[in-house]
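As the structure lists them, so they are numbered: ligands from 1, and atoms in each ligand from 1.
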Amino acid sequence: MLIMLFILLNVKIILFMYNTEVVNNNIWVFLMSFFVILFALACIYSLNIKKKHWLAFSFYSAVSLLMFVDVVYYGYFNTLPSVSLLSQVGQVAAVGDSIKELISIKRLILVLDLPLVFIYIIRYGKYRKKHEKHSMNLRVVLPVIMLAVIAGMFIYLRNSDLFISVSNQEFFMYHVKDIKNYFIDNEYMEGSYRLSKGEIEELRERTKLTQGKYTAVGKGKNLIVIQVEALQNFPINLFYDGQEVTPNLNRLIKEQGILYFNNYYQLLGRGNTSDAEFVTNNSLYPSMDEPTYVQYESNTFYGLPWILRDNGYTSWVFHGYKKEFWNREKAYVNQGFQRFLSEEDYEFTEEEVSGFGIIDEVFYKQTLEYIKELDSVDENPFHAFIISLTSHTPFKMPERFQYLDIREEYKGTILGNYLQAIHYADMALGKFIENLKEEGYYDNSVIAIYGDHFAISSLDKDQKRLMTDYLGYEYDLDEMMKVPLIIHVPGLEANETIDRIGSQLDFLPTILNIMGYENEKGLMFGRDLINYKGENLVAPQTYAVKGSVITDEILIEMSRDGVFENSRAYNIKTRELLDVKEYRHLHEKALSEINKSDYILRTDFLRSFK
Ligand code: GP9
Ligand code: MN
């Protein structure tokens, strides 16, 4: 029976490696898993207990289930999960639809056999035991030999440059390392990484408001920021069989007073939508341990809501879903929002719900009423941060909200569904902007609209193929992570498309320049995309592993195994592959920026910063 489990587990190692796209040092990765399993089963075999078949089955089930969780998580985030995420399991039910999409047979197969093995053990477990009467010596010697082999391999890897690569990819080593980091990393970080005086000064300089193009054009105006769920850049100006996918946004982009940033990227950590919010409002990198709103709920922040409040504004946030989700309700307090209008503040019928929550049309309509209330708080301008929801993965809109004619071949595909969903989101947003105009808010408010993150993954082979076929060019990480940023500035006599590279990290300095307010008590890692003269970079940590970089010219996709030399670099415009070694300085710059920002979060630096 143990032999059967041993064989099955080896098959599962291969499935795990396939699903998690192990690309480097495969033999080492396999051998390590192989010997750890052999060691565990040998230990069980050597025990002198009656129910050892159940112990073996428990081990087998635990490994199978964890592998399954790993590959499902990998399917979405392109990285293995960390134990620190256990605090987030409560959110699983809410994202049920998204998870269902990920449970394909190539992943499910890791656990499908468990009931069969269970039945097999009930029937034959006891019987097999009689045949396992080997000598005591063998029982002891076998685990000891295995342990020696594992120790030997470990020491060899430790002393070679294979260690990082293998430990980032191999099932057991990854989880042991992750648990170790979880318990002792904090101490390590605080003790060993410090921001030097020079670095703090450089950040302080970076954070200052300098007079430049469009500075303070929006001063004294309201600020309405709309974060649109899963709005990518590719649907902008796209026609599907002659049908305009986002007609309202396209029309808006052409109006006077519009700045359209068409090379703008998402920058997420573990908290998806909520990290897009966090990064946008604070110009700090998101945490990679837990959603930033959870891990640093009670830190001191000095982002957009606080800065505007210090300039007389009242700052409210609106989102049509449960207030506890992503820990928003608690986190918003230290983010600086004075009131959070969540699902419970909206009225809706069952018909007015799609997928995740209240449909955008109903949400925006009632939000407008709340905005009137916000406007009447005092004579000063207001700040409204609005987070939409309907265009959420898997984008399955009820028939009554599907307005596009989708060709048979795309019906039911993620692209077909997404086009319908984003078309609906655009329609609802268009109505909202019309209503803002009617109520007189359009002319006295700066309005910023951007997407929180991607909708269709270039890391999923099927989705990548579908998108590449449809778009007619390779759908790669750069197109996947690109979201539009559109800023309407009343009184601005220009219409400009700004195509320099930037990300959500750059939103705060960019909008502060337009609004004309200085960040006096915080630090910002982003750049004002209108005035910054130097070379900007985008340093993602999810979907592309930490250490990846995007600049105006190139994209470095850090290797899955964490070894820089194994990474891929290509020219964004020509797609020509480049020698990654030439770009180490960019990679190091990205790491250093992330680490500095991380230090600020971990030490709650802004609490005592002056
Ligand atoms: C839920 C919404 C969706 O409130 O923000 O979150 P996501 O699943 O995109 O992170
Ligand atoms: Mn989202």
Side-chain angles (χ1 to χ4, degrees), residues 72-73 75-78 81 85 87-102 225-233 235 265-281 286-288 290-295 317-332 335 337 340-346 348 353-360 362-364 367 385-396 414 417-418 421-422 424-425 428-429 449-457 480-485 503-504 540-543:
V72 170
Y73 188 87
Y76 195 74
F77 288 104
N78 200 37
L85 294 169
S87 61
Q88 297 307 300
V89 283
Q91 313 242 354
V92 169
V95 289
D97 271 359
S98 324
I99 291 183
K100 255 187 250 156
E101 293 293 301
L102 292 166
V225 181
I226 307 169
Q227 177 174 297
V228 181
E229 177 62 35
L231 172 63
Q232 283 191 224
N233 194 57
Y265 286 81
Q266 68 172 56
L267 200 74
L268 308 186
R270 302 278 191 188
N272 254 5
T273 308
S274 64
D275 280 342
E277 300 173 18
F278 172 78
V279 175
T280 298
N281 287 324
S287 171
M288 282 302 289
E290 291 173 66
T292 324
Y293 276 179
V294 175
Q295 193 173 354
V317 53
F318 309 78
H319 180 55
Y321 193 57
K322 311 223 168 347
K323 58 184 187 222
E324 305 81 24
F325 200 76
W326 289 131
N327 201 31
R328 281 185 175 105
E329 189 193 21
K330 289 186 180 152
Y332 279 161
Q335 289 296 312
F337 294 108
F340 175 22
L341 286 306
S342 71
E343 188 181 77
E344 64 185 31
D345 300 296
Y346 290 78
F348 54 97
V353 167
S354 162
F356 229 111
I358 313 170
I359 53 163
D360 286 353
V362 173
F363 168 67
Y364 285 134
T367 296
F385 183 40
I386 301 164
I387 304 142
S388 89
L389 188 52
T390 304
S391 41
H392 192 276
T393 189
F395 315 114
K396 287 185 181 145
I414 187 153
N417 291 343
Y418 178 61
I422 210 65
Y424 170 83
L429 184 56
I449 301 168
Y450 65 92
D452 63 347
H453 52 68
F454 77 98
I456 303 178
S457 174
M480 164 188 165
M481 297 201 289
K482 199 180 287 179
V483 293
L485 167 64
S503 75
Q504 288 159 348
Q541 300 176 78
T542 31
Y543 307 104

Pick one of side chain, backbone, both or neither for how T393 approaches ligand 1, counting any non-hydrogen atom pair under 4.0 Å.
neither

Is there side-chain contact between H453 and Y543, with at least one heavy-atom pair below 4.5 Å?
no

Is any side-chain heavy atom of S342 closer than 4.5 Å to a side-chain heavy atom of R328?
no

Do the non-hydrogen side-chain atoms of E277 and D452 ever get within less than 4.5 Å of each other?
no

For F356, take its heavy atoms, then give the atoms of ligand 1 lying under 4.0 Å from any of them.
1 (C)

For K322, state whether at least one heavy atom is located under 4.0 Å from any atom of ligand 1.
no

Any nitrogen or oxygen of S274 lying under 3.5 Å from a nitrogen or oxygen in ligand 1? Just yes or no.
no

Indicate the atoms forming the closest heavy-atom contact of L231 with Y450, along with that distance.
CD2-C, 4.5 Å

For distances below 2.8 Å, what is the count of protein N, O or S atoms around the Mn ion (ligand 2)?
5

Looking at V225, I386, V228, L485, which one forms a side-chain contact (heavy atoms from CB on, under 4.5 Å) with I449?
V228

Please enumerate all residues that pass ring-ring contact (aromatic ring centres under 6.0 Å, His included) together with F340, with sequence neighbours excluded.
Y332

Give the atoms of ligand 1, by number and element, whose distance to some non-hydrogen atom of T273 is under 4.0 Å.
3 (C), 5 (O), 6 (O), 7 (P), 9 (O), 10 (O)

Atoms of ligand 1 under 4.0 Å from any heavy atom of H319, numbered from 1 in the order shown, are 1 (C), 2 (C), 4 (O), 5 (O)

Output all residues satisfying ring-ring contact (aromatic ring centres under 6.0 Å, His included) with Y265, sequence neighbours left out; order by chain, then residue number.
none

Holding to salt bridge (Lys or Arg N to Asp or Glu O under 4.0 Å), I want the full list of residues that pass it with K330, two or more places apart in sequence or in another chain.
none

